[in-house]
Amino acid sequence: MTKPIRILLQPLGKTLEVNEGTPLQDVLFDYGVEFPCGGRGACRGCRVRVLEGTAPISPEEEKLFTLSELEQGWRLACRMSAACDLTLELAQWELSILADESPFQFTPSEGLGVAVDVGTTTVVAQLIHRGTGRVLGVRSALNPQAQHGSDLMSRIHYAIAHQGQAKLTRMIRETVGRLIAELAAANESGEKNLRLVTLVGNTAMHNLFCGVDVKPLSEFPFQSPQDDLMEFTANDLGWDCAGDPVIRFLPCLGSFVGSDLLAGIMATRMHCRENLTALIDLGTNGEILVGGREKILCASTAAGPAFEGGRISMGMRASSGAISSVVAEKGELHCHVVGGGRPCGICGSGLVDAVAAGLDLQRIDAFGRLANGSKAMDLQTPVSVSQRDIRELQLAKGAIAAGLHVLLDDVGASANDLESFFLAGAFGNTINSESARRIGLFDCPLDRVRPAGNTALLGAKMALFPEYDSADSMQAILDRCEHVVLSGNALFQEKFVDEMVFPTS
Amino acid sequence: MSEWNSLYDAILTGDDKTATAVTEEALEKGAEPLELVNQYMVPAMDEVGKRFEEEEYFIPEMLLSARAMERSLALIQPRLAASGAKPIGRVAIGTVKGDQHDIGKNLVRSMLQGGGFEVYDLGMDVPHEKFIEAIQEKDVNIVCLSTLLTTTMPSMKTIIDNIQQAGLRDRVKVMVGGAPITPEFADQIGADCYGDSAYSAVKLARNLISA
């Protein structure tokens, strides 16, 4: 009898159970780890990082990794077999991270700047030449805090119940510091003088980075007493970086809605628009903004990980082998697989498409039930969408759609009155808006929908320049923003249930 | 027995208009209130629960059925009270302090009502002492605690400790539930049982009463 070994995969949050001695190559491929050399230990393509547990170092790994990489836990998946319980970070996740190259207006300034989007799951940093506005480099990493809970609440719980606050703060500061050091080391431009670092993130990320007690975020009314702009020196944060830059975490909008959404407003210029605009950011947490020049309402809701492929039976990130889109043609489902070939899972955009197509083909009814009592809808062998996956999607889209409804109702408008509807974040960029509309994520006309990319990073980058960076211009946005509490809101509760149901056509 | 089957069907399909119409008609024609509850409403909600367990029904269908059941029950309850029929047990239920989520709690409430219990719904974000008051004033047999947030789970332990300190622990059973709750957690904090769904809550409550 061999005993089962549990392997937790980050950032997927997925736990595998395998028999002792199982080669990891056999199981990890299904989760997007690729083996370019075929698993001979000849390349680094299948590298994974051991976050918890131990893995012996093979001669091949000694050759392919530096000493410090080995110390950080980097290993080749093809050299590993299941010997003890493990938590692994899948490096391949990095490929799908959405950076930003959008142009914007700015006044040339001195030196370099770094813009950082501190996400719940991933951290992205860009090095910017403040004279030319050019992006000199980009680095990303998983948010190491994810080891202590993939969603905000479990992370806050860890901070409080396990005295983990200081550890979480240290972890994220170290990670951002490392990314900045890497960017500086790789910088080949003549400019070496780092002047300013701007960080954006939701309120929990702000509080944890800044070392502010997250206890107030743990219960109703979820309002941090300290969520303003906070400034540090490299020394304060224990960073060894030349040029003594000013480091700023931008101010939050209210409750869980953080500076990533302030950045979203700056990037889309929502606060300058005469007509009604909405923005939704679909990440680990879902955020919603509705408004314009006069006033902007904001809200957040735990949308759950369905849009990112998490907690979906065959969910995965949008990488090789993922079904990324599905269309219904002549009563049949046709799938597009990233990289071609046999699919091994489905990512968020594929799930939304699949359910939209299932609704059109009447394989799924308006209540989300699969026709004829079946438990799964086959897409392309061996990938299918299970009844439970559809339920997860119903919860996620129900929460977002209900939140949007509440904010629109507050300004006395309907979705039809929206002039622009921005879909922000990695998922917003890949989702098919027709499918999103079909499942009832929103119901405004399609010609108003605009994929907006990583608006958090773009806004953080804009804040590296004086016209955006001044306390006045940010304060002017903050003054317009009003946070709406969704939990406990009677209309939200009612709409949440209504919006779990799919539109009939 | 099958005379008012349309009441069963209406609750099962969440058709509250038909459910209340049939209930009114049945009561007018002299149907026994308790019989309507036991022969049609309880089995209908049982079936709803089963379908939920089997993933055939989801939250919206369950809420529609619960609403149909609650509206019919509201018509029947005055007659039940007048006839002196006793509920099978009395329950106080609430979402603990710090948490404002109540869809799950409302479903459990409806299922328990549909299952023949008299339920005092204390609402959401309920201060700890309200549970003690309910035990003292309403003479409840079971206290049901709900939370959706990991961060408010510790409140459940505080409430149980408070019940203990007030010397009331022997008078009530405590049932806990909600997305982040596990049977192990229920054990740790000294609850009597953990319910993983609104449907199982009814079975568990019946067991607790008969124990």
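Please read these numbers as outputs of a predicted model, since none were measured by experiment. The analysis underlying the following values was restricted to heavy atoms, covering all of them including side chains, and did not include hydrogens, waters or symmetry mates. Order of the sequence lines sets the chain letters (A, B, ...), proteins ahead of strands, with each chain counted from 1.
Looking at heavy atoms from C-beta onward, B:Thr150 lies out of side-chain contact with A:Ile156 at the 4.5 angstrom threshold. For the pair B:Ile103/A:Phe496, a side-chain contact is recorded, criterion being any heavy-atom separation below 4.5 Å from C-beta on. A 4.5 Å side-chain heavy-atom check between A:Phe222 and B:Leu149 finds at least one atom pair inside the cut-off.
Residues of residues 105-120 of chain B lying within less than 4.5 angstrom of chain A, judged on heavy atoms, are absent. Scanning residues 162-181 of chain B against chain A with a 4.5 Å non-hydrogen threshold yields no residues.
Atom CG of residue A:Leu370 and atom CD of residue B:Glu56 lie 11.0 Å apart, to the nearest 0.5 angstrom. Distance check: A:Gln387 CD to B:Phe58 CZ gives 9.0 Å after rounding to the nearest 0.5 Å. Atom CE of A:Met153 is separated from atom CG of B:Asp99 by 8.0 Å, given to the nearest 0.5 angstrom.
Note: A:Gln493 leads A:Lys375, A:Gln493, A:Gln394, A:Glu219 in heavy-atom pairs under 4.5 Å with chain B. Ranked by heavy-atom pairs under 4.5 Å with chain A, the list B:Asp102, B:Thr152, B:Thr95 is led by B:Asp102.
Pairing each heavy atom of A:Val501 with each of B:Pro60, the nearest pair is CG2-CB, 3.8 Å. Closest of all the heavy-atom pairs between A:His157 and B:Thr151 is N-CG2, 4.0 Å.
A salt bridge links A:Arg369 and B:Glu61; the closest N-O separation between the charged side-chain nitrogens and carboxylate oxygens is under 4.0 Å.
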Chi angles and distances behind the side chain to side chain contact (heavy atoms under 4.5 Å, CB included) call for B:Leu64, A:Phe367: CA-CA 12 Å; B:Leu64 286 174; A:Phe367 279 108; 3.8 Å; yes
Criterion salt bridge (charged side-chain N to carboxylate O under 4.0 Å, His left out) on B:Glu55 and A:Arg391, from CA distance to verdict: CA-CA 9 Å; B:Glu55 295 185 341; A:Arg391 301 312 191 192; over 6 Å; no
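Heavy atoms of B:Leu148 lying under 4.5 Å from chain A are absent altogether. Looking at B:Asp125, only its side chain comes within 4.5 Å of chain A, counting heavy atoms on both sides.
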